[in-house]
Structure formats: C-alpha cells, structure tokens
Amino acid sequence: MSLNSALRSSASALTTERFRMDVISANIANASSTETRESQPYRRQEVLIEGTAEGPKVLRVQDDMNTPFKTVHQPGNPLQDKDGNVKGSNVEPILEMVNMMTASKAYEANVAAFNTAKSMIKNALNIGKA
C-alpha cells in the first residue's frame, strides 16, 4: 500500500464515520417521538458500510425493522389505541451513545492514521532536500 492510498483510505473512513455519527445523532434526537395520526413513530436508522479497496464506503441507510416500537400506557393521550397505549420510537438512547462512542473512536483513529501518513510523506520529501 502506498502512502497516497493510505491517505485516501483514511479520508474515506473519516467521511464514513462522520456520516455514521450524523445518523446516530438523528436517532438520538428522535428517541422520544411517538406515532401521530398520520404516521408511525420514528424508526431507528442503521448505516450499512462496505469495505472497498479505497477504504470503507456507506452502502446505504436502512430502517431497523428488527427492533419493535416501544409501547407506553398513556390513557389520557389523544393518540392512544383502544387499550390506552401509545407507540413510541424503537431507538434505545444508551445503545446509540455506545454506537456514537465507537464511531467517534474510529474517527479519531483514522485522524491519527491520516496524520501519520502525511508526516511520513513530509519526511520523505525532506530526505531528498538533504
């Protein structure tokens, strides 16, 4: 692997992890949403990442269909069903915070890798000057 391809790979990973953090942020922001008369509650989004020769790439963002919506008993809520329950988002804030920390650490690691490759290129150019 050349130093330039290391830079491209790290840059791709930085972009991917930043996108992942944006999606996680949206999940956290919508964690307490409930259904409305027009639509279902917010459904958690998942980022699917694909490894390529140039580094990781976002394949797609998809709804988390495996985790069921939360149901809260709220008899006075105008959106209640016949049993007095209201459906809420399927986002688990603690899980999202763990995902955010993982994405943040991966981002930091790729910044370090990028800076190391950049430093190696700079040092290689300085060797020629001496």
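Everything numeric in this text was worked out from a predicted model, so none of it was measured.
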Checklist line | Residue of the set Asp63, Asp64, Asn27 for which side-chain hydrogen bond (donor to acceptor under 3.5 Å, both in side chains) holds with Gln45 | finding: Asp63

Check: Which atoms form the tightest heavy-atom contact between Val58 and Phe19, and what is the distance?
Finding: CG2-CD2, 3.6 Å

Checklist line | Taking every non-hydrogen atom, the tightest pair across Lys118 and Leu7 | finding: N-CD2, 3.9 Å

Item checked: Residue pair Asn90 / Thr67: nearest heavy atoms and the distance that separates them -> ND2-O, 3.0 Å

Checklist line | Ionic contact status for Glu96 with Arg44, cut-off 4.0 Å | finding: yes

Check: Can you tell me how far CG of Leu79 sits from NZ of Lys87, rounded to the nearest 0.5 angstrom?
Finding: 11.5 Å

Item checked: Common cluster, Phe69/Leu95, ILVMFWY with side-chain heavy-atom separation under 4.5 Å -> no

Next item on the list: For Glu46 and Val61, run side chain to side chain contact (heavy atoms under 4.5 Å, CB included): C-alpha distance rounded to whole Å, both residues' side-chain angles, the deciding distance at 0.1 Å, then the answer.
Entry: CA-CA 6 Å; Glu46 299 175 307; Val61 177; over 6 Å; no

Next item on the list: Using a cut-off of 6.0 Å, state whether more than 12 heavy atoms not belonging to Ile94 lie near its atom CD1.
Entry: no

Margin query: In the structure I gave you, are the side-chain heavy atoms of Glu92 and Lys70 within less than 4.5 Å of one another anywhere?
Written below: yes

Next item on the list: Could you tell me whether a side-chain N or O of Ser39 sits under 3.5 Å from a main-chain N or O of Glu35, the two making a donor and an acceptor?
Entry: no

Notebook entry, point to check: Is the backbone N or O of Pro56 less than 3.5 Å from a side-chain atom of Thr16, with the two atoms forming a donor-acceptor pair by type?
Noted result: yes

Item checked: Nearest-0.5 Å distance that lies between atom CZ in Arg18 and atom OH in Tyr107 -> 7.0 Å

Check: Okay, side chain of Ser10, backbone of Ala6: is any donor-acceptor separation there less than 3.5 Å?
Finding: yes

Note to self: Quick check: closest heavy atoms across Ala103 and Ile24, and the distance to 0.1 Å?
What the structure shows: CB-CD1, 4.4 Å

Notebook entry, point to check: Any chain of hydrophobic side-chain contacts (each under 4.5 Å) joining Val91 to Met97?
Noted result: no

Checklist line | Among Gln74, Gln80, His73, side-chain hydrogen bond (donor to acceptor under 3.5 Å, both in side chains) partner for Asn85 | finding: His73

Checklist line | Atom pair CD1 (Ile121) and OG1 (Thr116), whose distance is rounded to the nearest 0.5 Å | finding: 11.0 Å

Next item on the list: Using atom types as modelled and distance alone, determine if a side-chain donor or acceptor of Ser12 lies under 3.5 Å from a backbone N or O of Arg8.
Entry: no

Check: Is the closest side-chain heavy-atom distance between Arg20 and Thr102 below 4.5 Å?
Finding: yes

Check: Atom CG of Asp22 and atom CD of Glu17: how far apart are they, to the nearest 0.5 Å?
Finding: 11.5 Å

Notebook entry, point to check: Is a donor on one side and an acceptor on the other found under 3.5 Å between the side chain of Ser9 and the backbone of Ser5?
Noted result: no

Check: Just by modelled atom types, is the Tyr42 backbone N or O under 3.5 Å from a matching donor or acceptor in the Ser89 side chain?
Finding: yes

Check: What's the spacing between Glu108 CD and Met101 CE if we round to 0.5 Å?
Finding: 12.0 Å

